[in-house]
Peer 1: 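First the structure, then my questions, so here it is.
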There are 2 protein chains.
Amino acid sequence: MTAQGRVTIREVAERAGVSVATVSRVLSGNYPVPQATRTRVLRAARALDYVANAHARALVGGGRKTVAVVLRQVTSPFYAQVAEGVEAEAATHGWLCLVGTTGGDPQRELEFVQLMREEGARLVILVGGVVEDDAYRERVAHYAQALASAGARLVLCGRPAPDPDIPALVVEFDNEAGARAITGHLLSAGHRRIVFLGGLPGNTALDARVRGYRAALAGHGLPPEAAHVVDCGLGRAAGLRAMTELLEERPEFTAVFAGDDMVAAGALRAIAEAGLRVPDDISVVGYNDIPLAEDFHPPLTTVRTPAEELGRAAVRIALRDPEQAAATHHLLGTHIVVRDSVAAPPPGRAHRPT
Amino acid sequence: MTAQGRVTIREVAERAGVSVATVSRVLSGNYPVPQATRTRVLRAARALDYVANAHARALVGGGRKTVAVVLRQVTSPFYAQVAEGVEAEAATHGWLCLVGTTGGDPQRELEFVQLMREEGARLVILVGGVVEDDAYRERVAHYAQALASAGARLVLCGRPAPDPDIPALVVEFDNEAGARAITGHLLSAGHRRIVFLGGLPGNTALDARVRGYRAALAGHGLPPEAAHVVDCGLGRAAGLRAMTELLEERPEFTAVFAGDDMVAAGALRAIAEAGLRVPDDISVVGYNDIPLAEDFHPPLTTVRTPAEELGRAAVRIALRDPEQAAATHHLLGTHIVVRDSVAAPPPGRAHRPT
DNA sequence: GTGAAAGCGCTAACAG
DNA sequence: CTGTTAGCGCTTTCAC
């Protein structure tokens, strides 16, 4: 059994001396029931500490609405904030929130989505950039179609819809604009040799940032060769390693644009270990403005992506207008938060040609 | 309906030209079925993209095992790690993991536990210290009893069992020992005026740390008045505010023991804003060793509490030996990780009497 | 007003 | 080997 000694509606009915139908009516509260019986039933339920069986309820149709979030990991500050946003907004609407993590494994993602179909989730939210290959497109198209045919909806947060007529709602940040802006900030400070640390070719979020970075460079009249992208991927460890190598091999840059704040953390550490100072010797900027970015040394100038708002928006939009929401694309804005990790390049190194 | 167009087992049966029982049997795989029919059924299920209805399954007994974690918030690095541990261990066992957040509100905690009872969760894990008052004790006793009578189990992570014979499993860190050790570390460096920042009277985790702090002081032959506990509560903002005030009013201390790493982050910032340096002017230690603690300025010396392991242990122990596990108390060890935020007190201030 | 009864989709006897 | 059937706990017509 689902639970050995669980109290059922029948026992409540017996104790209250009414039928199960009456108990159901009282508990659902969607049907007029005279005050007298009402209290009798309530008292019985209270006494037995009765809780309804959610599965039975779901089976017959009145189930609790469920939203599922799928992320790579909850320990990433950024993902955690998105999850919190989803959870908070879901709670607001009285929905239940399921969280699943995949560790970045497409197989586990698939299993989890399958599981959510079984559980009857009405909303499945996939969070985070991915490498967008054919396998991905096919997989997501399948999710969307399967979910849709069961009356559920798919939301992609920060990852692209594989096909415009796939019934999926896309909500993401304007990565390209954000990257363009922060690169512009570096440019304005006088930097010309800026390396982008943390590329991840195929990953849509990172690719967009790289695009924005290149666009800003070009917009400033710099030649395409001025761009220097290091494809080390994300994470503090990657940033630390890549920056260390870069410092040894080709230190002819004055600023670093890290793919996200964790990469920036690693880069900062590498620079410190090399005996250099930020921002005096090298300027560094990040992306996302995670909660502890201002506790880095020095406090990090970065792009603020309101992650919790992303999560909230995802469920809000999906719930607000189901029909219209499908197959639409929502872009959330970002802005720069200036702290202490950017300064003018050191005198001898500014404007130095390639 | 639970979902408009959801494919049911009956449709699969029809398409495969067998009975629903047969379909159920091949899908469950717990009953011998000849290869021929087996493939026919599988093919039909595949073609229809059938997924079983988890609620119907749960209703009849074969439901998926579910574990629920309840935490204050997922954006706290520490809680996030615990949640990740629970999720990972649950996934290992093929269990589903539900995450609920309360924002610290007992009312929401109660609602969530109720919800988990409805959902038929077999394991409910409450994470994080709380203020232990009569209301709390009563509430938890009720959870435990209700869960137990439904064949489910309650696990308290980092919070005390209200009563030894309440059927709840307790798994937590030895806060007192950890606090004693790190205070000892400060003492060994020569500090005698150490303030504990982040007390939260009634909160069992913090109270234990304060006890460890006092014990270490006493063990070093210092009088009880040497202890100075600032009850500012947890969080970066609290640490920042409290430290700022402290620096203005009573700067006669040489080291700070922050209740956790977030408080330490705030304290560090306050000290920097006051124009003082860590560890030259003031030493600072934290608690928990969150992932970014080494990116603070300076890298923070702190107590490592393996949070993910706490989460894993909670489910592992609960699952391993249900009978024995109930009403037992498990203490997980911690250790100091030394980084750069502690030094000897500045010459003029060491050993200065009260 | 309230009860009896028909399922929701599935599994597990129990027959055949 | 496979089909029939009886529920799991609940909501919801449909009668009384």
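Proteins come first, then strands; the chains are lettered A, B, ... in the order of their sequence lines, and each starts at number 1. None of the values given here were measured: they were computed from a predicted structure.
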Peer 1: If we ignore hydrogens and angles and just use 3.5 Å, is the side chain of Ser149(A) paired with the main-chain N or O of Ala146(A) as donor and acceptor?
Peer 2: yes

Peer 1: Should the side chain of Arg25(A) and the base of dG1(C) be counted as holding a donor-acceptor pair, with the cut-off at 3.5 Å?
Peer 2: no

Peer 1: Check the distance between dA4(C)'s P and Glu14(A)'s CD and give it to me in whole angstrom.
Peer 2: 12 Å

Peer 1: Val20(A) side chain: which of dG9(C), dT11(C), dT11(D) is closest?
Peer 2: dT11(D)

Peer 1: Of the nucleotides dA5(C), dG9(C), dC10(D), which has the atom closest to the Ala21(A) side chain?
Peer 2: dA5(C)

Peer 1: What nucleotide among dC10(C), dT2(C), dG9(D) has an atom nearest to a side-chain atom of Val60(A)?
Peer 2: dG9(D)

Peer 1: Check the distance between dC10(D)'s C1' and Arg117(B)'s CZ and give it to me in whole angstrom.
Peer 2: 17 Å

Peer 1: For dC10(C), take OP1 and OP2 only and decide whether either is under 4.0 Å from a side-chain N or O of Ser24(B).
Peer 2: no

Peer 1: In this structure, how many angstroms lie between the C1' atom of dG7(D) and the CG atom of Asn53(A), rounded?
Peer 2: 14 Å

Peer 1: Calculate the interatomic distance between Leu59(B) atom CG and dC10(D) atom C1'; express it in whole Å.
Peer 2: 8 Å

Peer 1: Would you say Tyr31(A) reaches dG3(C)'s phosphate, i.e. side-chain N/O to OP1/OP2 under 4.0 Å?
Peer 2: no

Peer 1: Measure from the side chain of Tyr50(A), starting at C-beta and using heavy atoms only, and say which of dC10(D), dC10(C), dT2(D) lies closest.
Peer 2: dC10(D)

Peer 1: Of the candidate nucleotides dT11(D), dG9(C), dC1(D), which contains the atom at the shortest distance from the side chain of Thr8(B)?
Peer 2: dG9(C)

Peer 1: With distance as the sole test, does Glu89(B) use its side chain to make a donor-acceptor pair with the main-chain N or O of Val86(B) at under 3.5 Å?
Peer 2: no

Peer 1: What is the separation between atom NE2 on His55(B) and atom P on dC8(D), rounded to the nearest whole Å?
Peer 2: 19 Å

Peer 1: From the options dC10(C), dT11(D), dG1(C), select the nucleotide whose nearest atom is closest to the side chain of Ala56(B).
Peer 2: dC10(C)

Peer 1: For residues Arg15(B) and Val12(B), determine if any side-chain heavy atom of one lies less than 4.5 Å from a side-chain heavy atom of the other.
Peer 2: no

Peer 1: Please determine whether a side-chain nitrogen or oxygen atom of Arg57(A) lies at a distance below 4.0 Å from atom OP1 or OP2 of dT11(D).
Peer 2: yes

Peer 1: Closer than 4.0 angstrom, basic N to acidic O: yes or no for Glu132(A) and Arg159(A)?
Peer 2: no

Peer 1: To the nearest angstrom, how far is Arg6(B) atom CZ from dG9(C) atom P?
Peer 2: 9 Å

Peer 1: Quickly, which of His55(B), Glu118(B), Glu119(B) forms a side chain to side chain donor-acceptor pair (under 3.5 Å) with His55(A)? Name it, please.
Peer 2: His55(B)

Peer 1: Looking just at side-chain N and O atoms, do Thr101(A) and Glu87(B) make a donor-acceptor pair shorter than 3.5 Å?
Peer 2: yes

Peer 1: Provide, to the nearest angstrom, the distance between the CD atom belonging to Glu118(A) and the P atom belonging to dT11(C).
Peer 2: 10 Å

Peer 1: For dG3(C), take OP1 and OP2 only and decide whether either is under 4.0 Å from a side-chain N or O of Thr22(A).
Peer 2: yes

Peer 1: Atom CG of Leu27(A) and atom C1' of dT12(D): how far apart are they, to the nearest Å?
Peer 2: 15 Å

Peer 1: For dT2(D) and Thr37(B) - does any side-chain N or O of the residue sit under 4.0 Å from the phosphate oxygens OP1/OP2?
Peer 2: yes

Peer 1: Where the side chain of Arg10(A) is defined as all heavy atoms beyond and including C-beta, which of dC10(D), dC10(C), dC8(D) is the nearest nucleotide?
Peer 2: dC8(D)

